[in-house]
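First up is the structure itself, then whatever we jot down about it.
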Amino acid sequence: MPLSPGDSPGFLLWHATLRWQRDIATALAPLDLTHVQFVLLACTWWLNTQGEHPNQLALARQAGTDVKMTSQVLRILERKGLIEREVDPADTRAKRLRVTDTGAELAPRAIAAVERVDAQFFQPVPLDDAVALLGRLAHPDT
C-alpha cells in the first residue's frame, strides 16, 4: 500500500529541499549570486586558501556538479570579476582557477550568509545528527 505524502521520506525530503533552496536563494540574492554560483565560488575560494588552484574538472568533483554546467557558471563568475582562469603551465589545454580579490572578499560573506540560513533551517535537529544523516545520504558507500 502506498505511503501517504506525509509518511514518505522522499516526498518530505523534496519539500524540505525546496524550502532550504528558497531560503538560500533569498540570502544570496543581495550578493548577486545564485546558489550554484555560490557553491562554485566558495569551493574555489576554499581550495585556493588550501594552496590549490584547481582546474574545472577538480572543481566540479569538489562541488559535486556537472562539468559542462560548471564551465558555464565559471564563465559567468569570470564575467562578474570573481574568478580568473589561468593557463596551467603543466597542461596548456587546462585552466587553473583563482578567485580574484573581489571574489575573495565576497566568498566569506556569502558563506556566512549561507551558514546563517543553515543554522536556522537545521536548528530543530542537533547538528551532529543532521551532519551524520546527511553525510550518510550524500555518501552511502562510505
Side-chain angles (χ1 to χ4, degrees), residues 2-3 5-142:
L3 296 175
D7 295 329
S8 170
F11 191 71
L12 292 170
L13 179 60
W14 169 251
H15 279 272
T17 300
L18 290 174
R19 192 181 119 228
W20 176 75
Q21 288 175 334
R22 278 191 306 269
D23 293 350
I24 294 291
T26 299
L28 291 173
L31 302 175
D32 191 30
L33 290 172
T34 66
H35 197 170
V36 71
Q37 289 170 3
F38 160 75
V39 169
L40 295 177
L41 175 64
C43 285
T44 304
W45 175 81
W46 185 83
L47 289 167
N48 286 178
T49 65
Q50 304 302 303
E52 297 180 39
H53 291 82
N55 61 25
Q56 183 176 299
L57 180 59
L59 178 63
R61 284 186 183 140
Q62 171 76 20
T65 54
D66 174 76
V67 176
K68 286 187 179 190
M69 185 266 302
T70 298
S71 178
Q72 294 168 349
V73 175
L74 286 173
R75 278 194 286 278
I76 294 167
L77 292 173
E78 192 172 30
R79 280 195 302 268
K80 288 183 173 190
L82 301 174
I83 286 182
E84 292 179 340
R85 295 194 247 196
E86 303 165 338
V87 174
D88 184 347
D91 180 359
T92 56
R93 297 168 298 164
K95 304 272 184 167
R96 294 287 173 188
L97 303 169
R98 187 182 69 76
V99 175
T100 64
D101 290 343
T102 302
E105 184 274 326
L106 181 59
R109 289 179 34 227
I111 291 167
V114 167
E115 286 179 349
R116 283 190 296 275
V117 169
D118 284 352
Q120 184 175 359
F121 184 86
F122 291 105
Q123 186 275 329
V125 179
L127 181 61
D128 290 345
D129 292 349
V131 170
L133 173 63
L134 294 170
R136 182 149 183 208
L137 293 173
H139 308 288
D141 298 329
T142 58

Atom pair [atom1]/[atom2] of [X] and [Y] - distance to nearest 0.5 Å:
X	Y	atom1	atom2	value
H35	D23	NE2	CG	11.0 Å
I83	T102	CD1	OG1	12.0 Å
L40	Q56	CG	CD	9.5 Å
R116	I111	CZ	CD1	11.5 Å
L106	T100	CG	OG1	9.0 Å

Give the minimum heavy-atom separation between [X] and [Y], together with the two atoms involved.
X	Y	answer
D32	Q37	O-OE1, 3.8 Å
F121	A16	CZ-O, 3.4 Å
V117	A27	CG2-CB, 3.5 Å
A60	V67	CB-CG2, 4.0 Å
R96	N55	NH1-N, 3.6 Å

When you compare the side chain of [Y] with that of [X], does any pair of heavy atoms fall below 4.5 Å?
X	Y	value
L47	V99	no
T49	W46	yes
L77	T44	no
L13	S8	no
P108	W45	yes
V114	D118	yes
D7	L12	no
L97	L74	yes

Checklist entry - Among L82, I76, V39, I24, which residue meets the side chain to side chain contact (heavy atoms under 4.5 Å, CB included) test with L33? => result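 Only one option passes, and that is L82.
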Go through the structure and list residues passing salt bridge (charged side-chain N to carboxylate O under 4.0 Å, His left out) with [X], not counting sequence neighbours.
X	result
D128	none
E86	R98
E78	R85

Checklist entry - Would you find a donor on one side and an acceptor on the other, under 3.5 Å apart, between the side chain of N48 and the backbone of E52? => result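 Yes; at least one donor-acceptor contact below 3.5 Å.
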Next on the checklist: Ignoring hydrogens and geometry beyond distance, is a side-chain donor-acceptor pair present between S71 and R75 at under 3.5 Å?
Outcome noted: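 A pair is found: one side chain offers a donor N or O, the other an acceptor, under 3.5 Å apart.
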